[in-house]
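Since the structure comes first, as structure tokens, the remarks are kept for the end.
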Amino acid sequence: MHIFRIKNSNKFYSKHYWFLRLSIQIHTQISSQLSRGFSLVKTNEKLKGYFESGHVDGARKLFDKMPKRDEFTYNSMVAGFANAGRFNEAKQVFDETPKRSSITWSALISGYCKYGYEDESFDLFWRMRYEGERPSQYTLGSLLRLCSVKGFLSRGEKLHGFIIKTGFGNNAFVVTGLVDMYVKCYRIKAAEKLFRTMDSGKNHVTWTAIINGYSLNGNSDKTLQCFCQMRSEGIEANQYTFPSVLTACGSASDLRFGEQVHGCVVRGGFHANIFVQSALVDMYAKCGDLNCAKEVLESMEVLQVVAWNSMIVGYMRHGLEENALSLLEKMHGIGLKMDEFTYPSVLNALALRKDAFYGECLHCFIIKTGFCDHILVSNALVDMYAKQGSSIGALEVFNEIKDKDVISWTSMITGCTHNGSHEEALNFFQRMRIAGIYPDQVSVSSTLSSCAELTLHELGKQVHGNYIKSGPETSLSVDNSLLAMYAKCGCLDDAITVFYSMTSRNVMSWTAIIVGHAQNGRGKEALPFYDEMVLTGIKPDFITFIGLLFACSHAGLVDEGRQYFGTMIDAYGIQPGPDHYASMIDLLARSGKLQEAESLVNEMVDKPGPAVWKALLTACRKHGNMDIAKRAAMTLIELDPQDAFPYVILSNMYSAAGRWEDAAGLRRLMKLRGVIKEPGCSWIEINSKVHTFFSEDRSHPNTNEIYLKVNDIIRLIKEAGYVPDVKFSLHDVNEETKELGLAYHGEKLAIAFGLLYLPENAPIRIFKNLRVCGDCHNAMKIISKVFHRYIVLRDSNCFHHFKEGQCSCGDYW
DNA sequence: TTAGGGTTAG
């Protein structure tokens with residue numbers, strides 16, 4: 001402006017012209033001096049130093065002043081700006097770059113990937129290809145990492161195709177990225193296949209990726225096996241490998257292995273890494289060695305919230321709530337900021353306690369500290385309230401969650417399953433599907449358990465089929481639930497197929513197959529599974545022995561049962577609980593050793609509960625021992641005067657013995673006390689509709705047809721040798737009326753309906769809420785022979801598989 | 001000058 005003002009004055013113009021010439025002269029001199037002392041290599045290094053130390057503006061100033069730039073300068077600027085998240089400047093330099101190379105493109109793409117900008121990353125990737133630039137292993141590595149972090153399976157699979165087509169399929173770096181992508185998208189089999197087919201070039205990163213995959217998939221055995229294999233191939237683990245391995249040790253409660261890994265950590269010099277230290281605390285805490293966990297925690301120089309969370313979980317899981325809460329207070333006191341995992345760690349353990357006091361206090365604290373909007377915390381609150389049986393508390397929190405995820409829904413489902421509200425669990429599962437949320441391993445496992453409890457075999461198959469179709473591979477927990485579902489629905493052969501198809505099994509898988517055999521009347525065949533399990537190195541637990549004793553009691557194997565009872569205590573140090581005693585007493589009593597059974601009841605250190613007395617009473621009924629029956633029934637009535645079971649059994653025993661007055665007395669007592677007996681009820685499912693029948697029930701729309709069929713059945717089976725056993729008719733009436741009463745038991749009405757409406761060769765599956773009566777059991781055997789039908793009857797105790805006049809229970813139930 | 005693997009909750 002000043003120049004223009006003086007432009008028309010010659011005097012001033014000449015003066016300014018002289019000044020301008022002088023300025024140019026000086027600038028040229030300086031520039032040439034700069035150029036003479038300027039080193040591009042050194043300045044590029046300085047530029048890099050600025051970015052490395054976070055001085056992005058320093059780099060910018062230096063870049064602006066640089067008299068000369070080369071491709072390194074531009075690439076460094078693009079990478080530096082992109083890595084700092086300053087994408088406008090990165091793009092500007094990218095556009096200004098005179099000659100862009102693969103590195104320039106990769107630098108910008110990797111920045112976008114790092115910050116999770118998927119659209120920008122992939123748009124740039126396609127543009128790069130369109131402009132003829134070949135992506136490098138760096139470009140592909142960055143994009144795979146983005147897919148891995150965000151769980152983009154479909155995009156990752158497309159990249160996989162591109163990688164094969166463009167000859168990167170043998171590039172160890174790129175294939176490692178693919179392995180990691182599949183792992184993070186929960187496609188462990190795809191990851192495993194890639195890993196196995198890598199001929200050479202597997203490095204410690206590839207091994208770490210697959211080890212982490214097994215660990216994430218919950219497969220502790222394979223994690224540890226893979227870790228051993230890696231070491232045997234001479235690859236050393238590092239700070240990235242150890243955390244996954246330690247997590248697997250914790251999940252498997254394998255303290256011995258965990259301690260050995262700790263040794264490797266120390267020898268390798270990785271004990272000061274906070275990830276490794278946190279994983280060590282977690283491993284010791286999960287394995288129950290709380291002293292060691294505490295020792296590692298206290299040795300940490302950096303206060304790491306993850307390690308503190310793990311310590312809290314450790315205390316909570318081992319019932320040391322006070323220690324956990326004081327640690328929480330200490331965190332608060334020293335100013336260590338809690339994170340979104342801290343509260344779930346505590347809430348998760350509180351979920352298993354019935355008293356709601358601590359949980360509610362913590363909920364208040366969560367609201368005060370503002371953590372209630374965090375989905376991890378809300379989900380844990382839902383889980384806690386639901387498992388504690390407070391469906392109102394759970395629903396209140398659940399309804400407040402804006403973006404419900406699969407865990408929010410799963411918490412409601414597992415809560416219902418935990419409390420035995422299986423129909424409600426299925427309802428939540430259905431609502432979750434309607435809401436467009438895909439079920440994961442946990443929700444499917446839990447839903448299959450509900451299907452098993454309700455014996456909804458068809459629905460269970462659908463849930464599993466849809467889960468497989470939706471993409472994820474099956475997991476150990478899903479397989480275990482599926483196996484248990486088939487066994488509990490009376491389809492033992494399908495359960496066996498699942499069992500043998502499993503690539504790895506844990507103690508739950510073996511226990512499920514043992515219990516499955518016992519429930520389906522094949523107790524003797526259950527026992528070799530135990531031997532095989534022990535041979536494979538898996539330790540039986542508390543529940544395995546319940547299954548084994550159950551198997552022995554259902555097969556009448558008294559000596560074997562006694563032996564297992566002893567092994568459990570002597571070899572495994574497991575103290576028997578009420579269920580073990582109940583099975584043992586059931587075993588002894590059912591085989592007629594009633595006195596020995598009663599002695600065992602009296603030997604129990606803890607006061608025997610209802611399950612034990614019920615087992616004794618049921619066996620007394622079978623063997624007609626009125627003395628012990630009376631003692632057992634009276635004890636049961638004392639324990640719970642509202643439970644109809646002892647009144648009904650004892651009253652039935654009186655009736656069977658013709659002691660009608662005593663039976664009537666008990667019935668009067670029930671009435672007086674307002675005790676309600678659950679009526680016997682049988683049902684059959686045909687074309688997804690359940691048809692229910694009570695004894696002498698005439699409410700079904702096809703009742704006339706059903707009764708005619710029953711009469712027909714009775715006539716035919718009588719010709720084949722059936723004799724009605726009137727001692728199961730519990731009314732004081734004449735023999736003919738007794739026979740008719742037996743003929744119209746719910747089971748017989750249901751079988752008549754099944755014979756009428758099911759296809760000729762289809763198995764007939766009948767369910768009953770109480771134990772099947774002796775007369776119906778006998779009738780079913782003969783029906784199976786006369787009509788050549790396979791009949792499965794599930795009563796409240798076990799499955800009876802009737803075929804050609806025989807029952808799988810061997811008439812011992 | 002561009003890139004890869006890890007811990008805690010359901």
Side-chain angles (χ1 to χ4, degrees), chain A residues 44-45 47-48 51 70-80 82-83 101-111 113-114 136-145 148 172-181 183-184 203-213 215 237-247 250 270 273-283 285-286 304-313 339-349 351 374-377 379-380 382-384 386-387 405-411 413-415 440-443 446:
Chain A
N44 278 341
E45 269 175 20
L47 208 59
K48 204 179 143 200
F51 280 123
D70 63 3
E71 60 180 289
F72 289 89
T73 323
Y74 284 101
N75 291 341
S76 299
M77 288 309 289
V78 173
N83 278 325
S101 69
S102 170
I103 296 173
T104 330
W105 288 91
S106 294
L108 189 57
I109 290 174
S110 90
C113 289
K114 189 177 156 188
S136 68
Q137 59 171 11
Y138 295 94
T139 331
L140 295 167
S142 300
L143 289 164
L144 284 170
R145 176 85 185 121
S148 163
F173 180 88
V174 174
V175 180
T176 299
L178 274 172
V179 170
D180 180 56
M181 182 276 293
V183 159
K184 299 287 163 52
N203 57 27
H204 59 286
V205 183
T206 328
W207 280 96
T208 303
I210 196 74
I211 284 173
N212 177 42
S215 177
N238 65 8
Q239 72 272 29
Y240 291 99
T241 331
F242 287 123
S244 297
V245 179
L246 289 165
T247 303
F270 296 107
N273 177 282
I274 54 169
F275 285 88
V276 176
Q277 288 173 321
S278 301
L280 276 168
V281 173
D282 185 61
M283 181 276 291
K286 295 239 171 82
Q304 167 73 339
V305 68
V306 176
W308 284 64
N309 291 346
S310 291
M311 195 68 225
I312 288 172
V313 174
D339 69 1
E340 66 269 29
F341 286 95
T342 314
Y343 290 113
S345 307
V346 185
L347 292 166
N348 170 248
H374 205 291
I375 191 145
L376 256 70
V377 179
N379 288 346
V382 171
D383 178 66
M384 180 198 71
K387 286 216 177 95
D405 64 8
V406 65
I407 299 174
S408 322
W409 288 97
T410 308
S411 300
I413 295 168
T414 50
D440 67 359
Q441 299 169 358
V442 184
S443 50
S446 190

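All values below come from the heavy atoms of this structure, side chains included, with hydrogens, waters and symmetry mates left out. Letters A, B, ... are given to chains in the order of the sequence lines, protein chains preceding strands, and every chain is numbered from 1.
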Taking 4.0 Å as the cut-off, does a side-chain nitrogen or oxygen of A:T247 come that near to OP1 or OP2 on B:dT8? yes
Quick one: label A:N379 by what it contacts on the DNA or RNA (base, sugar-phosphate, nothing), any heavy atom closer than 4.0 Å. nothing
Among B:dA3, B:dG4, B:dT1, the one nearest A:N75 by side-chain distance: B:dT1
If you look at every strand shown and take non-hydrogen atoms under 4.0 Å, does A:N238 touch a base, only sugar-phosphate, or nothing? base
Of the listed nucleotides B:dA9, B:dG6, B:dG4, the one nearest the side chain of A:F341: B:dA9
Of the listed nucleotides B:dA3, B:dA9, B:dG4, the one nearest the side chain of A:V313: B:dA9
When you measure from the side chain of A:S76, which nucleotide among B:dT1, B:dA3, B:dG6 comes out closest? B:dT1
Considering only side-chain heavy atoms of A:I103, which listed nucleotide, B:dT1, B:dA3, B:dT8, is closest? B:dT1
Between atom CG in A:L140 and atom P in B:dT2, what is the gap in whole Å? 17 Å
Against the side chain of A:D339, the closest entry in B:dT2, B:dA9, B:dT8 is B:dT8
Could you state the atom-to-atom distance from CG of A:N273 to P of B:dT8 in whole Å? 14 Å
Phosphate-side-chain proximity, A:K286 and B:dA9, N/O vs OP1/OP2 below 4.0 Å: yes
Among the candidates B:dA9, B:dT2, B:dG4, find the nucleotide nearest to the side-chain atoms of A:S345. B:dA9
Taking atom types as they are modelled, is there a donor-acceptor pair under 3.5 Å from the base of B:dT7 to the side chain of A:S278? yes
pair A:D282-A:V313: side-chain heavy atoms closer than 4.5 Å: no
For A:K114 and B:dG4, give me the distance from atom NZ to atom C1', rounded to whole Å. 14 Å
Integer-rounded Å distance: B:dT8 C1' and A:F242 CZ: 20 Å
With sugar-phosphate meaning primed atoms plus P, OP1 and OP2, does A:S411 contact a base, only sugar-phosphate, or nothing at under 4.0 Å between heavy atoms? nothing
The side chain of A:A107 is closest to which nucleotide in this list: B:dT2, B:dT7, B:dG6? B:dT2
Less than 4.5 Å apart, any side-chain heavy atom of A:V382 and any of A:S408? no
Side chains of A:N212 and A:S215: is there a donor and an acceptor less than 3.5 Å apart? no
Base, sugar-phosphate or nothing for A:A380? Non-hydrogen atoms, less than 4.0 Å. nothing
To the nearest Å, give me how far apart CG (A:N212) and C1' (B:dG6) are. 7 Å
Nearest-Å distance for atom pair CG/P, residues A:L246 and B:dT7: 11 Å
Of all residues at least two apart in sequence or in a different chain, which pass the salt bridge (charged side-chain N to carboxylate O under 4.0 Å, His left out) check with A:D180? A:R145, A:K184
Going by atom types only, do A:N238 and A:N273 share a side-chain donor-acceptor pair under 3.5 Å? no
Spacing between A:I407 atom CD1 and B:dA9 atom P, to the nearest angstrom: 11 Å
Is the distance from OP1 or OP2 of B:dG6 to the nearest side-chain N or O of A:K184 less than 4.0 Å? yes
What's the CH2-C1' distance between A:W207 and B:dG6, to the nearest Å? 18 Å
Does OP1 or OP2 of B:dT2 have a side-chain N or O of A:S136 closer than 4.0 Å? no
Tell me if a side-chain donor or acceptor on A:N44 pairs with a main-chain N or O of A:L47 at a distance below 3.5 Å. no
For A:P243, is there any backbone N or O sitting under 3.5 Å from a side-chain donor or acceptor partner on A:T247? yes
Base of B:dG6 and ring of A:F275 stacked, centres under 5.5 Å, planes under 30°: yes
Of the candidate nucleotides B:dA9, B:dG4, B:dT7, which contains the atom at the shortest distance from the side chain of A:F173? B:dG4
